[in-house]
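The next block holds one structure in the form of structure tokens; read it before the comments.
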Amino acid sequence: MCLGVPGKIISISENNVAVVDVNANQVEISIVLTPDAQIGQWVLVHAGFAMQIMDESEAEESLALMLELQKIRETFSYEQ
Amino acid sequence: MNNNKAIMQDMIREIQAETQSISMMEVCGTHTMAIAKSGIRDLLPDNIKLISGPGCPVCVTAQGDIDAVIELVNQQDLILATFGDMMRVPGTSSSLQEARGKGADIRVVYSPMDAVEMARNYPTREVVFLGIGFETTAPPVGASIEAARAMQTKNYSVLSLHKLVPPALEVIFSDPDIKVDALICPGHVSLVIGLDPYRELAEKYHKPCVITGFDNADILQGILMILLQFKQKQARAEIQYRRAVKEKGNPVAQNVLKRVFKEVDTRWRGLGEIPGSGLEISDEYSAYNARHRFDIPDIEDIPIKGCSCGEILTGKISPHDCPLFGSACNPLNPIGPCMVSHEGACAAYYRYTPLRGEIR
Ligand code: SF4
């Protein structure tokens with residue numbers, strides 16, 4: 001039920017209504033809960049609402065996190 | 001997160017090297033689904049257990065509340081709008097689907113805004129939206145009430161059965177019968193509430209809490225982050241699912257919750273009554289509270305005979321331990337809600353027969 005899908009904002013009209021592209025389908029959603037969302041940004045959509053603006057590309061993030069984990073591991077083995 | 005096989009293999013190897021006995025609870029139904037689908041559970045060494053938690057909103061809805069909704073649609077002339085997940089949940093006498101078959105006007109919507117739109121299209125009918133879900137779903141429902149007020153749509157109301165996740169986690173951590181050493185925290189509830197509620201839990205109960213995303217690589221990484229905390233002998237709240245979850249959550253959504261709802265005590269299937277764990281419509285918006293418009297009966301919970309959903313939702317047993325699992329109870333003939341909702345633990349276990357030894 002808490003399912004959320006990423007969608008890319010294509011257009012924004014009045015009353016915080018936006019059209020997002022979700023897996024090549026265009027869906028109308030409300031951005032009243034993410035008033036800063038802008039065209040071109042990715043948002044996480046749940047129950048017809050954007051719930052959060054997503055940042056960075058997924059690849060970048062996974063890389064950043066891997067590096068971070070690496071750092072934690074190194075600190076850990078250093079402490080040992 | 002990318003599901004790069006090589007990275008995942010590394011992560012699996014690292015997890016398999018762990019020797020401590022640790023049980024982690026995946027709180028959220030979406031995780032239960034994703035974990036069952038991925039086959040990750042089978043790749044873990046025996047000393048690392050993943051147990052399912054109370055994070056399926058349909059499953060934790062009290063039986064008495066389901067019966068009250070069914071009585072409401074049978075007694076009153078109204079349109080009930082609801083998410084599809086609720087339709088087949090068995091009530092004591094029937095499900096919503098069966099009630100619809102007998103003439104009740106029940107419509108499945110994707111968004112609460114569809115229900116507001118419906119109310120505008122049928123100005124002479126009462127449209128009641130059945131509000132079920134956690135902190136992820138309550139803000140959209142709250143926003144629909146604010147939109148109805150702004151548009152002066154007076155024939156729209158909400159029957160709120162919304163629940164809050166952290167009070168339930170508190171109950172789980174405090175129960176000596178439930179052995180949970182760490183939490184894989186729900187990604188989408190956390191979009192709204194952020195990291196702070198888990199910081200309190202991690203500190204108070206000394207158990208690592210990691211907000212995790214839903215891809216295979218996310219889940220493996222979430223598990224690793226928990227294992228690292230054990231190695232460091234620490235218990236912190238952390239975010240793995242950074243591409244979506246911000247430390248402070250979504251303050252706009254939090255403010256909608258503050259305006260439109262108030263916290264009340266409420267009962268959960270399996271967990272009983274939990275203080276401050278329910279969201280009722282606030283006095284400010286009481287005109288949109290279906291409880292004020294209709295006489296909604298207060299019905300006691302009549303347990304479903306033979307069904308162990310309550311124990312499954314608290315991680316005390318696994319679906320395979322229920323004697324009805326797969327025989328008398330299956331997705332075509334579900335006996336309890338955990339087999340109905342597609343994110344219920346029984347449905348997830350039933351659907352994905354475990355393949356051994358590889359990531360699906
Ligand atoms: S298998 Fe069916 S009867 Fe058993 S606990 Fe799950 S839903 Fe209930």
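Here the structure is a predicted model, which is why all the values come from computation and not from measurement. Labels below follow one simple rule: chain letters A, B, ... track the order of the sequence lines, proteins then strands, and each chain is numbered from 1.
Interface summary for chain A: among Gly142(B), Gly187(B), Pro139(B), Gly29(B), the most heavy-atom pairs under 4.5 angstrom belong to Pro139(B). When Ile53(A), Leu33(A), Thr34(A), Val43(A) are compared by the number of non-hydrogen pairs under 4.5 Å with chain B, Leu33(A) comes out ahead. For the options Asp114(B), Leu191(B), Asp10(B), Val109(B), heavy-atom pairs under 4.5 Å to chain A are most numerous at Leu191(B).
Contact annotation: the side chain of Gln240(B) never approaches that of Ile211(B) to less than 4.5 Å [non-hydrogen atoms, C-beta and beyond].
Salt-bridge formation is not detected for the pair Asp65(B)/Arg269(B): no Lys NZ or Arg NE/NH1/NH2 atom is positioned less than 4.0 Å from an Asp or Glu carboxylate oxygen.
Aromatic ring centres of His31(B) and Phe214(B) lie closer together than 6.0 Å.
With Thr32(B) contributing its side chain and Thr30(B) its backbone, the two residues share no donor-acceptor pair below 3.5 Å.
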